[in-house]
Amino acid sequence: MVPKYLQTGSSDILASIRHQVLTQTEKKKDLPTPDEPAEQATELPLVTPPIKPVIATAASLIDKCETYLGAADIERIKAAYRYADDAHLGQFRKSGEPYITHPIAVASILAEWHLDATAIQAGLMHDVLEDTGHSKNELAKLFGITTAEIVDGVSKLKFSSNEIAQAESFKKMLLAMSKDVRVILVKLADRLHNLRTLGVMRPEKRRRIAKETLDIYVPIAHHLGINHCFREMQDLCLENYYPRRYAVLYKELVAARQNRKPALEKILQDTKDMFVRANIKGRVLGREKTCYGIYSQMRIKKVSFSEVFDLYGFRVIVSTREDCYRTLGALHQMYKPVQGRFKDFIAIPKSNGYQSLHTTVIGPAGTPVEFQIRTEQMNDIAEQGILTHWLNRGSESEIQTLTHAWLQSLLDLQKKSSSSSEFYENIKADLFPDRIYVFTPKGKIISLPQDSTPVDFAYQIHSDVGNHVLGCRINGQQRHIDVRLQNGDMVEIVTSMTSHPTPQWLDFVRSGKARAEIRQYLRSLDFDEAVKIGRQLLEREAPNAHLVWEDIPDSVWNTVMAETDSESRASLYALVGSGKASYIVILHRIQALLEQQDEPVKPSDAIEIYV
């Protein structure tokens, strides 16, 4: 199934892009393509070409490590390389290259991120346990228990079902990364290199890996604040899921930016002049939107490429928090701001620690441009996230505190899930990067997945609050508990000790925490209580499925009971009441069986005559 963030809307996005590409002038012939070099990085980069995979070598890895690690660490890395090289001897990648080139590439990415020698050792040996006959105990004796634990944490488990293997492996990785965040950093580097080299795989495998990456690893990179990894993964996923769309969109994007270059150059110079007039010390850099970001905007808003509002932006970096707001005021004096396009992530930081002011203005010739304004420290956290811990050589930071709190929330979610598969499904919602920020009556900020409801909000406050939701007030107005919350809403929950979760709540809650808590409560019900809730729910919802409860014949009930392995009708009600069976699925099945009974049965010897 195509993930919703890659689906097209009612408009044909690909046709829209293709039409504009075909109507371009001959100037497009000189534009770079994803496989061609582009201009070097400047203050105004019009396009950053995708990173072209090159065969990694041990020598280039050591060169990178020597720029920031000592001689003793370099020797440890060389020892890990020799061990991995020997373990993978005779193994080759689909491309025909020796397999060891992949672990070297993974370790090289970790070195680019300035991780320590232990993480780079684990990167070199990350496939040893999974793909060779070596054991964790052997690794621990040779390289220490910490390195062995990281390698074991990223090693996939093998099951008969790919879905179960995926869920169990993710659960194992989560438990390992809760003890040592380097586990997920090695996994991200592994996935990033695999995405860069997916071209040799079958199309269906490329799509499967791209979908899994968008579901799990892209959101994790976002939560950890590793922006460059997050952005590159998104584009690589689009390229591997829809290679033609990506190629066409990339060329159109370059062409559009080239056409707007004079306007962008003027905005750059105007902003520099504004710094001088306002006596603000700072720098300004061009910031390009990714193909994935633009594609998502086209899909969500159902617009063509020419209607995408802002294809380019600028990042303004100043010295202090106060200068951020002074710069915002100066920008709004220079250019007209666009209504509803201002966000203050300094006053209300994102859940991953990201801070910045965002505003969109109308520049010269009516060119819409987004500005992000932040301090140097905010910029480091925005771009590097948890990696700032290693870049600053182990100094404690707020981003670490946020990361540990996030990992703890995942562990709590895992404990409340009845199986690895349920946990894997619950966590996808909480991992998705789109978040909203709402307020308690006392002004506390609560971060929730987009499209969350007051019930999600209640469970985020406390499980006891969620389990007794009766109603809610949003911005002082009485509202239903299934309404979708918006950014900035002030939410007040009304509770009652007589109110409890029902299976219906699972239909509208968005967060993994709420789903896990509701399921845990429903599983705790005794049989008679589950029967009562299940029957009441089916009976109440039957009219919505165009069913008359009293008219459902025993034969239909018996068929449904047999299909759900229920010994009695009470057992079937209990399955629904405990959340183990969906009332919607049961009612739809009853409806289908009744329709089959209503169909006229033709005699076996009947002759059909077509006129």
Side-chain angles (χ1 to χ4, degrees), residues 1-24 28 34 47 207 210-211 213-215 218-219 222 230-231 233-257 259-260 287-313 336-343 358-363 365-372 428-429 431-437 448-453 482-489 507-508 510:
M1 181 179 176
V2 179
K4 68 176 185 179
Y5 29 79
L6 284 177
Q7 290 173 355
T8 57
S10 57
S11 59
D12 187 342
I13 293 176
L14 181 57
S16 162
I17 299 170
R18 186 186 295 115
H19 170 74
Q20 296 185 55
V21 171
L22 293 176
T23 56
Q24 283 291 320
K28 200 184 88 171
V47 65
R207 287 193 293 271
K211 182 182 183 303
T213 303
L214 285 167
D215 282 344
V218 165
H222 178 266
F230 166 74
R231 285 162 60 93
M233 276 187 169
Q234 283 186 322
D235 267 11
L236 288 170
C237 288
L238 178 60
E239 182 181 9
N240 283 288
Y241 209 103
Y242 290 130
R244 289 178 58 217
R245 297 185 188 192
Y246 174 82
V248 174
L249 181 57
Y250 180 91
K251 290 182 180 180
E252 177 64 11
L253 187 57
V254 177
R257 286 176 181 161
N259 292 337
R260 296 184 185 184
R287 184 187 67 85
E288 54 185 330
K289 279 200 169 183
T290 62
C291 287
Y292 179 88
I294 292 168
Y295 180 83
S296 296
Q297 195 172 337
M298 292 169 65
R299 183 194 61 79
I300 292 168
K301 297 182 178 179
K302 296 181 174 64
V303 296
S304 67
F305 181 82
S306 62
E307 297 173 288
V308 174
F309 197 65
D310 46 349
L311 296 175
Y312 205 81
K336 294 295 183 185
V338 177
Q339 190 76 17
R341 298 279 298 188
F342 169 68
K343 294 179 181 178
H358 290 196
T359 184
T360 299
V361 300
I362 301 299
T367 304
V369 180
E370 184 189 52
F371 279 86
Q372 295 178 351
K428 283 182 181 179
L431 282 177
F432 203 66
D434 291 341
R435 312 285 293 185
I436 59 170
Y437 299 87
L448 294 166
Q450 192 166 323
D451 295 331
S452 287
T453 65
D482 61 353
V483 70
R484 300 298 177 192
L485 298 175
Q486 303 295 321
N487 255 327
D489 282 345
D507 295 339
F508 59 77
R510 181 71 175 82

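Here the structure is a predicted model, which means the values were calculated and not measured.
Of all the heavy atoms in Thr213 and Pro219, the pair that sits closest is O-CD, 3.9 Å. The minimum heavy-atom distance linking Cys291 with Tyr250 is given by the pair SG-CA, 3.9 Å. Heavy atoms only, all atoms of each residue included: Val369 and Gly313 are closest at CG1-CA, 4.0 Å.
In this structure, Val218 and Tyr292 have side chains that are not in contact, with every pair of non-hydrogen atoms separated by 4.5 Å or more. Tyr246 places none of its side-chain heavy atoms less than 4.5 Å from the side chain of Asn240. His358 places a side-chain heavy atom less than 4.5 Å from the side chain of Glu370. Between Arg484 and Ser452, every side-chain heavy-atom pair lies at or beyond the 4.5 Å cut-off.
Expressed to the nearest 0.5 Å, how far CD1 of Ile436 lies from CG of Leu485 amounts to 5.0 Å. How far CZ of Arg435 is from CG of Asn487: 11.5 Å, rounded to the nearest 0.5 Å. Residue Met233 holds its CE atom at 14.0 Å from NE2 of His222, rounded to the nearest 0.5 Å. In this structure, CD1 in Ile294 is found 14.5 Å from CZ in Arg299, a value given to the nearest 0.5 Å. Thr290 OG1 to Arg231 CZ: the interatomic distance, rounded to the nearest 0.5 Å, is 5.5 Å. Distance CG/Asp235 to CZ/Phe230: 10.5 Å, rounded to 0.5 Å.
No donor-acceptor pair closer than 3.5 Å links the side chain of Arg510 to the backbone N or O of Thr453.
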